[in-house]
Amino acid sequence: MTESPSAVGTAVGIAAGYAFTGPALDLGALLWDGTCLPDAPVRIPLPVLNRHGLVAGATGTGKTKTLQLIAEQLSAQGVPVFLADVKGDLSGVSAPGVANDRVRGRAAEVGQKWTATGFPAEFYALGGLGHGIPLRATITSFGPVLLSKVLQLNRTQEQSLGLIFHYADTKGLELLDLKDLRSVVAFLTSDEGKAELKNIGGLSTATAGVILRSLTAFEAQGMADFFGEPEFDTAEFLRTAPDGRGVVSVLELSAVQDKPQLFSTFLMWLLADLFHDLPEVGDVDKPKLVFFFDEAHLLFNDASKAFLDSITQTVRLIRSKAVGVFFVTQTPKDVPGDVLAQLGNRVQHALRAFTPDDQKALKATVKTFPNSAYDLEELLTGLGTGEAVVTVLSEQGAPTPVAATRLRAPESLMGPIDGPALDSAVQASPLYGRYAQAVDRESAFEKLAARPTPQPAKQAPRQPEGTKAPGEPGEGRSVVQQVVGSGMFKSLARSVGTQIGREITRSLFGTARRRR
């Protein structure tokens, strides 16, 4: 059957919306009326990748392969990439793919010149749980807001935790690991320490008990390894290989996928740390980094309003630091509206409509797209694996026409590389010697343990009000005040507080990093 002139004209109009003149990523070829048009490529301009994006779709529709496809092309154009590998199957990006009938068939359909290619990659694991360079953060750097989400504290407990961090910051007490934080909480609720926070709100025994119990339970689950030193420097994600290609940083999360609160919040720490450190550069020819935030719905589940506000502001502002963020989840409704509104590039895989909730999610998804020449409800439920509905920002920043797209095949291995090969790659990395071995240097725990033991107060003759007993300059001060004012403590405060306390600045999330 011959297509009507209007139908042909519509397809030509959609294709024209993706005919960019500058550098771009090739996603695939236009699908129209059930036919794949290899001469009508669907693309994303490279400069708009810092306008963020969304990759969504039901389980098994090809989201992971889409991440791999985009990551490969970014790397090839000199852009570093961060991938959160929740299922453990993205390590194959470092190895050449394997040609087979399916790959050759897909390449022919979309007009792709497929070449088996591996890309430069670094592999990380949270706290060393899994195959990868251990990735850690200090408690001080992680901050009270993110830690509260990991510990599932309520708003009052979060505020109290913020007060504890404030005290540690101002006193130069470094919170490097969980035992440091536990020791500061215990000190501030002791008879000695209660007065320390009295003038700025205090810390109730009940709230401190909840925080301590949460820390104990967290540690009992084996989570202590994620916090400590050497702390990971997120600038490592911005590297390029000697041949100019961007390094693909793959964070393996399969060992902790049953701890969604932890790994999703840790990913947010990485992003917040980048935001904290990178300078403003405005719009650039290509991003400094594109950050893929997999299982994004876990980040937003049970999040406080303050937490969501911080995410929204971070995503809004990090664009001007040349970092693009792609959230990866099942449906757009998993992402709060204020965040979704900032995601200019969309790749929507198939959705299921088996239940009333599915139907509701489908209708909500359709409403998030600009006007379309397709019946999107019908199209989104009929897409095959490796097909998606795409709309991106043009080089002028305007949304492109909605395009049903048959996606290209990744050129790297579509699956994990074997364990021994992965271990060899990790140990051969120049970063391995820098981060592999945990370090436990002197910090808050040791400093509080070494403080002088308070002596019982001596009986002295009653002095007239406003005077001091001879030889007792500390009369009238609490034991803690005397300890804090002692020569030993002041020396610590000068040597540590000057170095640490004055240099700590906290970002939107309360994260901190000493100035590099």
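Heavy-atom basis, side chains included; hydrogens, waters and symmetry copies ignored. Keep in mind that this is a model prediction, so the values were computed, not measured. Residues: numbered from 1 along the sequence shown.
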* To do: Establish, from distance only, whether the side-chain atoms of E122 and S249 form a donor-acceptor pair under 3.5 Å.
  => no

* Could you give me the CA-CA distance, side-chain angles and deciding distance for T511 and H276, then say whether side chain to side chain donor-acceptor pair (under 3.5 Å) is met? => CA-CA 8 Å; T511 57; H276 188 259; 5.7 Å; no

* Would you call the rings of F237 and Y124 parallel, tilted or perpendicular if under 30° counts as parallel and over 60° as perpendicular? -> perpendicular

* Q112 side-chain N/O to A29 backbone N/O, donor-acceptor pair under 3.5 Å -> no

* Would you mind checking if D283 and R319 are paired as a salt bridge, meaning a charged N to carboxylate O distance below 4.0 Å? => yes

* Asked: Does atom CG of D243 have more than 12 heavy-atom neighbours from other groups under 6.0 Å away?
  -> yes

* **Nearest atoms (heavy-atom pairs only) where L422 meets S91** => CD1-CB, 4.3 Å

* To do: Please name the pair of heavy atoms, one in L90 and one in A84, separated by the smallest distance, quoted to 0.1 Å.
  => CD1-O, 4.2 Å

* Verify the distance criterion only: is there a donor paired with an acceptor across the side chains of D423 and H131 at less than 3.5 Å? => yes

* Structure fact -> What one should report as the nearest heavy-atom pair of P410 and W114 is O-NE1, 2.9 Å

* Asked: Does a donor on one side chain and an acceptor on the other come within less than 3.5 Å for Q68 and S412?
  -> yes

* Asked: Does the distance from a Lys or Arg side-chain N to an Asp or Glu carboxylate O, for R352 and D358, drop under 4.0 Å?
  -> no

* Structure fact -> Which of F82, F326, F327 passes ring pair (Phe, Tyr, Trp, His ring centres under 6.0 Å) with F291? Answer is F82

* Give a yes or no on whether a salt bridge exists between R434 and E236, defined as a side-chain N under 4.0 angstrom from a carboxylate O. => yes

* Structure fact -> Nearest heavy-atom approach of C36 to R406 is CB-NH1, 3.7 Å

* Could you tell me whether the side chain of S148 and the main chain of P144 form a donor-acceptor pair under 3.5 Å? => yes

* Considering all heavy atoms of both residues, which atom of H52 and which atom of V315 are nearest to each other, and what is their separation? -> NE2-O, 2.7 Å

* Structure fact -> Smallest heavy-atom separation, L383 atom then H349 atom, equals CD1-C, 4.1 Å

* Quiz item: cation-pi between R346 and F369, 6.0 Å / 45° -> yes

* Judged by modelled atom types alone, do E411 and T115 share a side-chain donor-acceptor pair under 3.5 Å? -> no

* Asked: Just by distance, do the side chain of Q427 and the backbone of S424 share a donor-acceptor pair under 3.5 Å?
  -> no

* Polar side-chain atom of K63 near backbone of G57 as donor-acceptor pair, under 3.5 Å -> yes

* **S254 and K87: side chain donor to acceptor below 3.5 Å** => no

* May I ask you to check whether F123 and Y432 place their ring centers less than 6.0 Å from one another? => no

* Flag, side chain of T405 to backbone of L407, donor-acceptor distance under 3.5 Å -> no

* Considering only NZ, NE, NH1 and NH2 on the basic side and carboxylate oxygens on the acidic side, decide whether E109 and R106 come within less than 4.0 Å. => yes

* Distance-only donor-acceptor check, side chains T234 and W269, under 3.5 Å -> no

* Asked: For F275 and L317, what are the C-alpha separation, side-chain angles and deciding distance, and is it a side chain to side chain contact (heavy atoms under 4.5 Å, CB included)?
  -> CA-CA 8 Å; F275 173 81; L317 297 177; 3.4 Å; yes

* Asked: When the ring planes of F142 and F266 are compared, do they come out parallel, tilted or perpendicular, using 30° and 60° as the limits?
  -> tilted

* Asked: Does one side chain, of T59 or Q330, offer a donor that lies under 3.5 Å from an acceptor on the other?
  -> yes

